[in-house]
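As structure tokens, the structure follows; a few thoughts come after it.
Each chain gets a letter, A, B and so on, in the order the sequences are listed, and its residues count up from 1. None of these values were measured; they are calculated from a predicted model.
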There are 2 protein chains.
Amino acid sequence: MKRKITLKQIARELDVSISTVSKALRNSAEISEDTKQKVQAFAKLYNYKPNNIALSLKNRKTNTIGIIIPEIVHHFFSKVISGVETVANKRGYNVIIGLSNESFSKEVINMEMLANGSIDGFILSISKETLQLQDYHHFNETMSQGMPIVMFDRVVPDINCDKIIVDDFNGAKKAVAKLIKNGCETIAILTTKDYVSVGKLRTQGYLEALQENDITPEANLILKLDDTLDYEVHLDALETEIEQLFKLNPSVDGVFAVNELYALTAMKVARKLGLEIPKDIQVIGFTDGVLSKHATPSLTTVSQHAQQMGEKAAHLLIDKLESENEDEEEVYQTLVIETELIERESTK
Amino acid sequence: MKRKITLKQIARELDVSISTVSKALRNSAEISEDTKQKVQAFAKLYNYKPNNIALSLKNRKTNTIGIIIPEIVHHFFSKVISGVETVANKRGYNVIIGLSNESFSKEVINMEMLANGSIDGFILSISKETLQLQDYHHFNETMSQGMPIVMFDRVVPDINCDKIIVDDFNGAKKAVAKLIKNGCETIAILTTKDYVSVGKLRTQGYLEALQENDITPEANLILKLDDTLDYEVHLDALETEIEQLFKLNPSVDGVFAVNELYALTAMKVARKLGLEIPKDIQVIGFTDGVLSKHATPSLTTVSQHAQQMGEKAAHLLIDKLESENEDEEEVYQTLVIETELIERESTK
DNA sequence: TTGTACGCGTTATCAA
DNA sequence: TTGATAACGCGTACAA
């Protein structure tokens with residue numbers, strides 16, 4: 001088991017100095033052809049590769065991006081990672097991941113770990129608990145140490161940094177408008193509590209669409225689900241809530257759900273109550289994941305272009321990392337990714 | 001924008017030496033209470049944290065695990081990552097990810113990048129292209145440099161390292177036996193070409209179950225799908241192939257599919273042909289992902305305990321990293337994770 | 001009790 | 001054309 005070879009070892013073997021080896025390998029004009037040949041051949045033979053850690057220390061640059069997300073077993077987030085990874089690799093960066101598991105303390109700990117030299121900058125989406133607590137000190141501290149942050153999807157106005165967001169408002173509005181155009185007259189929304197920023201925005205889009213079409217919103221058609229509950233586990237609870245909504249409002253002929261799971265569950269409950277989709281009731285979800293595509297009937301959804309979000313986030317961060325403007329006024333941008341309505345079988 | 005503070009700066013500010021600061025912070029008995037207090041207070045004020053990169057270089061240990069997987073937008077793999085991450089964090093390690101995208105060259109490049117000092121060891125699952133080419137030199141080279149590898153799920157006997165595998169053979173066998181017990185007489189299998197090790201093993205399990213029940217396998221009930229094709233994209237092609245199978249063999253009353261997508265597509269085609277599930281035809285899949293759970297009807301599947309695989313892989317790797325036996329005979333183990341049949345609505 | 005020197009692997013600067 | 005030295009940030013053996 002031979003350890004990785006270093007400059008020092010090569011130098012010793014060839015009986016030259018370390019700096020000669022270093023220069024020879026970088027093809028410096030200072031070094032004679034002879035020596036270069038000799039050194040390069042030897043290095044190749046022993047498969048020399050410079051040690052990244054040493055380079056990081058010397059250059060005070062790790063060429064690594066840290067990404068903190070609430071949950072990886074989730075189509076949207078893994079798609080974003082995939083986008084980040086693609087761009088990062090192409091531009092010579094590695095990606096290191098931290099999972100907050102929707103927990104404030106894990107988010108803080110993870111960020112601290114990575115911020116101590118392991119990475120050059122963060123791409124992250126805020127955990128639900130952090131959103132609830134509204135404690136953002138760790139983000140501000142990190143940035144004040146000169147480490148840039150790009151936030152995506154779940155963001156808050158309170159924090160001054162680059163952001164990539166989905167046009168949740170218009171996405172929702174388009175979806176609901178579509179339902180109305182398709183003839184729906186009583187449209188319910190399945191959404192989250194308001195502290196989840198995207199849930200709130202989607203709810204606003206829903207209301208706006210109704211208003212533009214002179215439909216008066218009804219409080220009992222708006223179901224704000226408490227998603228601190230893990231509905232993957234408490235699926236029954238979710239079904240019960242939705243079933244009640246349907247029973248209390250038998251005239252519902254359209255449902256807009258702010259995520260896939262709510263939409264699928266709505267379809268399931270509807271079928272259970274003997275309703276046909278899309279004949280009796282039409283459904284549109286948000287987030288174009290595998291579930292929507294392979295559901296039966298397949299689900300019309302608002303696609304967020306998650307991959308693209310990841311790619312843009314990576315570009316934004318790397319651009320910032322590689323721009324020289326140490327002093328220049330910090331100017332932060334917010335990129336808005338437009339949504340796309342993907343029509344499938346759950347609408348007419 | 002204040003950069004992170006270092007020992008050197010603290011030393012300068014307090015007018016003591018660097019090593020005094022270092023020792024004071026580690027609460028060394030060598031240092032007087034007075035100095036300790038002073039230093040620790042100052043460090044706390046400026047939120048001093050040692051630089052990971054410097055520590056890595058010094059200790060020749062990064063406390064980071066590299067994980068290389070073919071694809072992250074995939075329930076199974078992201079679940080494994082989640083498992084790895086949980087254990088890694090608990091034991092003081094970070095996780096850095098590389099995606100091979102099922103490509104041999106990306107796998108090689110990614111591994112080389114990470115192997116140059118960025119990580120202490122690998123957890124990986126082999127890409128399809130690598131399996132096809134049967135070129136495993138990069139694994140062997142990495143290991144010969146003293147960097148341990150733990151492989152999971154997609155493994156090959158040719159490589160000598162720790163492995164975590166699913167009991168694909170018995171999982172498949174149990175599933176098919178279940179179909180037989182449920183009264184199926186003509187059972188088809190939707191599988192992959194044989195170079196995918198797990199596909200091959202699951203096919204063998206299928207055959208074994210038939211044999212034990214005195215059923216003669218029929219070649220035209222075994223559909224080996226070429227999964228170099230990305231069926232997420234070419235879903236139509238997949239449907240066509242399965243539809244042909246059904247049409248050519250109208251007596252089929254049971255289907256065993258080696259992954260979720262095949263299983264779901266089989267259900268879809270069956271319904272299209274007017275068959276009722278599970279009355280006319282029963283279906284079991286492999287891999288317990290979101291699709292199976294939320295399909296209609298929900299899919300009976302063989303669960304692989306992906307999270308657990310990740311956890312065990314992480315423990316295995318870290319144990320090896322932290323064991324002192326530099327010299328000791330390398331002894332590699334292969335852990336087999338038992339599968340579990342999760343019964344849902346697609347079987348009687 | 002405190003400080004000096006060294007090494008981890010690299011590169012850049014300057015001297016020989 | 002080559003080599004010695006310093007520096008990146010840290011911890012530790014050893015000297016003061």
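- Salt bridge status for A:Glu85 with B:Lys106: present, with a side-chain N to carboxylate O gap under 4.0 Å.
- Residue A:Leu25 contributes atom CG, which lies 14 Å from atom P of D:dG3 at whole-angstrom precision.
- A salt bridge links B:Arg91 with B:Glu322: the distance from a Lys NZ or Arg NE/NH1/NH2 to an Asp or Glu carboxylate oxygen falls below 4.0 Å.
- Contact between the side-chain N/O atoms of B:Lys8 and the OP1/OP2 oxygens of D:dC8 is found at a separation under 4.0 Å.
- Put simply, CG on B:Asn59 is 8 Å from P on D:dG11, counting in whole angstrom units.
- Between the B:Arg154 side chain and the B:Ser125 main chain, no donor and acceptor come within less than 3.5 Å of each other.
- In terms of phosphate contacts, B:Tyr48 brings no side-chain nitrogen or oxygen within less than 4.0 Å of OP1 or OP2 of D:dG9.
- A donor-acceptor pair under 3.5 Å is absent between the side-chain atoms of B:Asn140 and the main chain of B:Thr142, judged by distance alone.
- Per the geometry, CG belonging to B:Leu57 stands 14 Å off P belonging to D:dC8, to the nearest Å.
- For the pair B:Gln37 CD and C:dT1 C1', the interatomic distance rounds to 16 Å; values are reported in whole Å.
- One interatomic measurement links the two molecules: CG of A:Asn63 to P of D:dC8, which rounds to 20 Å at whole-angstrom precision.
- A donor-acceptor pair is defined here as one N or O able to donate and one able to accept, closer than 3.5 Å; such a pair exists between the side chain of A:Asp120 and the backbone of A:Asn63.
- Within 4.0 Å of B:Ser22, counting heavy atoms only, lies at least one base atom of the nucleic acid.
- The nearest heavy atom of DNA chain C to B:Glu33 and to A:Asn51 marks one nucleotide each, and the one closer to the 5' end goes with B:Glu33.
- Interatomic distance, CD of B:Glu102 versus CG of B:Leu99, reported as 10.5 Å (0.5 Å rounding).
- In this structure, the nucleotide among D:dT1, C:dG9, C:dT11 sitting nearest to the side chain of A:Leu7 is C:dT11.
- Phosphate contact (OP1/OP2 of C:dG9, side-chain N/O of B:Arg60, threshold under 4.0 Å): present.
- Using a 4.0 Å cut-off, some side-chain N or O of B:Thr35 falls inside it from OP1 or OP2 of C:dT2.
- Residue contacts for A:Leu55: at a heavy-atom cut-off of 4.0 Å it reaches the sugar-phosphate backbone alone, with no base atom in range.
- Put simply, CG on A:Asn27 is 15 Å from C1' on D:dT1, counting in whole angstrom units.
- Remark: C1' of C:dT2 and CG of B:Leu14 are 14 Å apart, rounded to the nearest angstrom.
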Below 3.5 Å is the cut-off: list the nitrogen or oxygen pairs between protein and nucleotides 3-5 of chain C, distance only.
{"residue": "C:dG3", "atom": "OP2", "partner": "B:Ser17", "partner atom": "N", "Å": "3.0"}
{"residue": "C:dG3", "atom": "OP2", "partner": "B:Ser17", "partner atom": "OG", "Å": "3.4"}
{"residue": "C:dG3", "atom": "OP2", "partner": "B:Thr20", "partner atom": "OG1", "Å": "2.6"}
{"residue": "C:dG3", "atom": "N7", "partner": "B:Ser19", "partner atom": "OG", "Å": "3.4"}
{"residue": "C:dG3", "atom": "O6", "partner": "B:Lys23", "partner atom": "NZ", "Å": "2.2"}
{"residue": "C:dT4", "atom": "O4", "partner": "B:Ser19", "partner atom": "OG", "Å": "2.9"}

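- For A:Phe76 against A:Ala306, the heavy-atom pair with the smallest separation is CD1-CB, 3.5 Å.
- The CD1-C1' distance, from A:Ile5 to C:dT10, rounds to 15 Å in whole Å.
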